[in-house]
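Written below as structure tokens is the structure these notes are about.
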Protein chains: 2
Amino acid sequence: MKTPENPHAGSTTAPARAPRGTLSRGAIVDLATKIMDKDGVEAVTVRRLAKELGVRPMALYTYFRSKDDILGAVYSDLLSRLELPDSPEAGLAGVREVVHAYFHLLIEHSALIRLNIANDISNAGDLKVSEAIYALLLQAGLERKDAVGVAAALMRFTLGSASLYPARHNWDADADYWSRVKESLRTLPAERYPALRSFGDDLPEFTQEQVFAYGVDAILDRFEG
Amino acid sequence: MKTPENPHAGSTTAPARAPRGTLSRGAIVDLATKIMDKDGVEAVTVRRLAKELGVRPMALYTYFRSKDDILGAVYSDLLSRLELPDSPEAGLAGVREVVHAYFHLLIEHSALIRLNIANDISNAGDLKVSEAIYALLLQAGLERKDAVGVAAALMRFTLGSASLYPARHNWDADADYWSRVKESLRTLPAERYPALRSFGDDLPEFTQEQVFAYGVDAILDRFEG
DNA sequence: ACCTGAACACCGTTCAAGT
DNA sequence: ACCTGAACACCGTTCAAGT
């Protein structure tokens, strides 16, 4: 009775073979992005992608050579969506804009950081960001040497800021969290941590956003007006 | 013939049970560090650690609750070895020293970055670095608000610099690599990448070390005598 | 071209058991 | 207390095979 012609004969019918059009690079990248944002990069597995796409694991290998290849595509895709001001007259204000946009992209998809670190400069998305920053810096009148130094410093500062963001952003609007931090600073041994202890009583508050702006200002200020 | 009393009867003798003293937290941490430096964090597996220590995988769980616990111990151990100048009179020069020492620790054990990102502030090693920086900044006369902003900016810039280091340090002393970068910049489409292209002809050279120093200067200079 | 089944060589970890 | 065996529920990927 259990023949291919009579698939309903048993309750243990084999799962239907997925039709031809189910998969595409875009569908895979979109789902990988969604999983990454929700549960982190480590949750992005070939097997889970396949399952949620209604397909067997090996099907993905028609579209990507490896899992790393998929993650690379996720990174490029997100970077390509980054909207950059293309008026090179914006000057240093424009640089701030680009760098903030990049920062926000990184923290909205916080797992991007780990992908970025493995990447090389040849990535088209990175190139776009670099081009925008260099064009604006040169337009603003910086010497080539300073342009390179400033651009490199901004990239590094932005990456570092984004990498600490997930562990720090809880403090941002939570007065409770903030006072617990002060409390824990006050419990530090006085001989070994005199400076940190003093911040237990008087701790200037910064949101992560403000820390980021502070650093960008520090790097750019000396070229201002 | 193959009885427990006669273990040499066959050539497939069971491997000897490891004696009691073979393992310790220190031995595990040291080996994990060695593997991490040689082959990266992803090469640090419980099974490999066990094999190279001459022991079965489960033996490690007497000393650590989980693999993450082992990696956390590696991070703490390395940070605790960091030598910090403990003269708070050193001022901003002392800050530079601390930050450079931290940078070098991170790039010498380049996989540390990925560990750091997951960590929290309560780590004793991080505390030591923070204390040193804050003490020096306050001693140098910075307002508390600036001390927090500068310390946060330096930490973030240092982390970002260290995270890009592995992908960039090849350029440092390799004129060949450098000219290949310039060559590839020259092949970029002129309309989309005018600024980057211009660097194909005239690219100010920076080692990673110099980029790092440039950024630290940018952040600290405005507080300099 | 696109999707699948089975298998390989790995993971971290639990649980119960030896010494 | 310290080390082990077996098993569980996972990985990414190769290779040969279906449609």
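Chain identifiers are assigned alphabetically (A, B, ...) following the order of the sequence lines, protein sequences preceding nucleic acid strands; residue numbering begins at 1 within each chain. The structure presented is a predicted model; accordingly, all values stated were derived computationally and were not measured.
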Side chain of [X], backbone of [Y]: donor and acceptor closer than 3.5 Å?
X        : Y        : result
A:Glu131 : B:Ala195 : yes
A:Thr22  : A:Ala18  : no
B:Asp172 : B:Gln208 : yes

Between B:Pro57 and A:Pro57, which is nearer to the 5' end of DNA chain C once each is assigned its nearest nucleotide?
->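 Between the two, 5'-proximity favours A:Pro57.
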A:Arg47 or A:Gly54, whichever maps to the more 5' nucleotide of DNA chain C |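 Closest to the 5' end, via its nearest nucleotide, is A:Gly54.
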Specify the closest pair of heavy atoms between A:Lys128 and A:Leu82, including all atoms of both residues, with the distance to one decimal.
->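 Answer, listing the atom of A:Lys128 first, then A:Leu82: NZ-O, 3.2 Å.
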What is the minimum heavy-atom distance between A:Ala147 and A:Tyr134, and which atoms define it?
->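 Distance-wise, the nearest heavy atoms are O-CE2, 3.6 Å.
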Pair of N/O donor and acceptor under 3.5 Å linking D:dT19 base with A:Arg17 side chain |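 No, no donor-acceptor pair under 3.5 Å.
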Side-chain-base donor-acceptor pair under 3.5 Å for B:Arg56 and D:dG5 |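 No, the side chain and the base share no sub-3.5 Å donor-acceptor pair.
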Write down the partner of D:dA7 under the Watson-Crick or G-U wobble criteria, each distance required to be under 3.5 Å.
->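 By the stated definition (distances under 3.5 Å), C:dT13 pairs with D:dA7.
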Using purine N1 to pyrimidine N3 plus N6-O4 or O6-N4 for Watson-Crick, or N1-O2 and O6-N3 for G-U wobble, both under 3.5 Å, which nucleotide pairs with C:dT19?
->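 Checking every strand shown, C:dT19 finds its partner in D:dA1, with both distances under 3.5 Å.
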Taking atom P in both C:dA9 and D:dA9, compute the distance separating them and give it to the nearest angstrom.
->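 One P to the other, the span is 22 Å.
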Interatomic distance, [X] [atom1] vs [N] [atom2] [rounded to whole Å]:
X       : N      : atom1 : atom2 : result
B:Leu49 : C:dG12 : CG    : P     : 8 Å
B:Arg20 : C:dG18 : CZ    : P     : 15 Å
B:Leu53 : D:dT4  : CG    : C1'   : 15 Å
B:Arg48 : C:dC10 : CZ    : P     : 12 Å

Roughly how far, to the nearest 0.5 Å, is the CG atom of B:Leu188 from the CZ atom of B:Arg192?
->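 Taking CZ in B:Arg192 and CG in B:Leu188, the distance rounds to 9.5 Å.
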Between atom OG of B:Ser130 and atom OH of B:Tyr102, what is the distance when rounded to the nearest 0.5 Å?
->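 If I round to the nearest 0.5 Å, the distance is 8.0 Å.
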What does B:Ala18 touch in the nucleic acid at a heavy-atom separation under 4.0 angstrom: a base, only the sugar-phosphate, or nothing?
->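 Sugar-phosphate, backbone atoms only, no base.
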ring-ring contact (aromatic ring centres under 6.0 Å, His included) involving B:Phe212 - partner list, sequence neighbours excluded =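 By the ring-ring contact (aromatic ring centres under 6.0 Å, His included) rule, B:Phe212 matches B:His100, B:Phe103, B:Phe157.
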Return yes if a side-chain donor-acceptor contact under 3.5 Å exists between A:Tyr75 and A:Asp126, otherwise no.
->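 Distance-only check passes for A:Tyr75 and A:Asp126.
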Residues in contact with DNA chain C, drawn from residues 60-70 of chain A - heavy-atom cutoff 4.0 Å |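 Under 4.0 Å from DNA chain C: A:Thr62, A:Tyr63.
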Going by heavy atoms closer than 4.0 Å, what residues in residues 22-36 of chain A are next to DNA chain D?
->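 Nothing qualifies; none.
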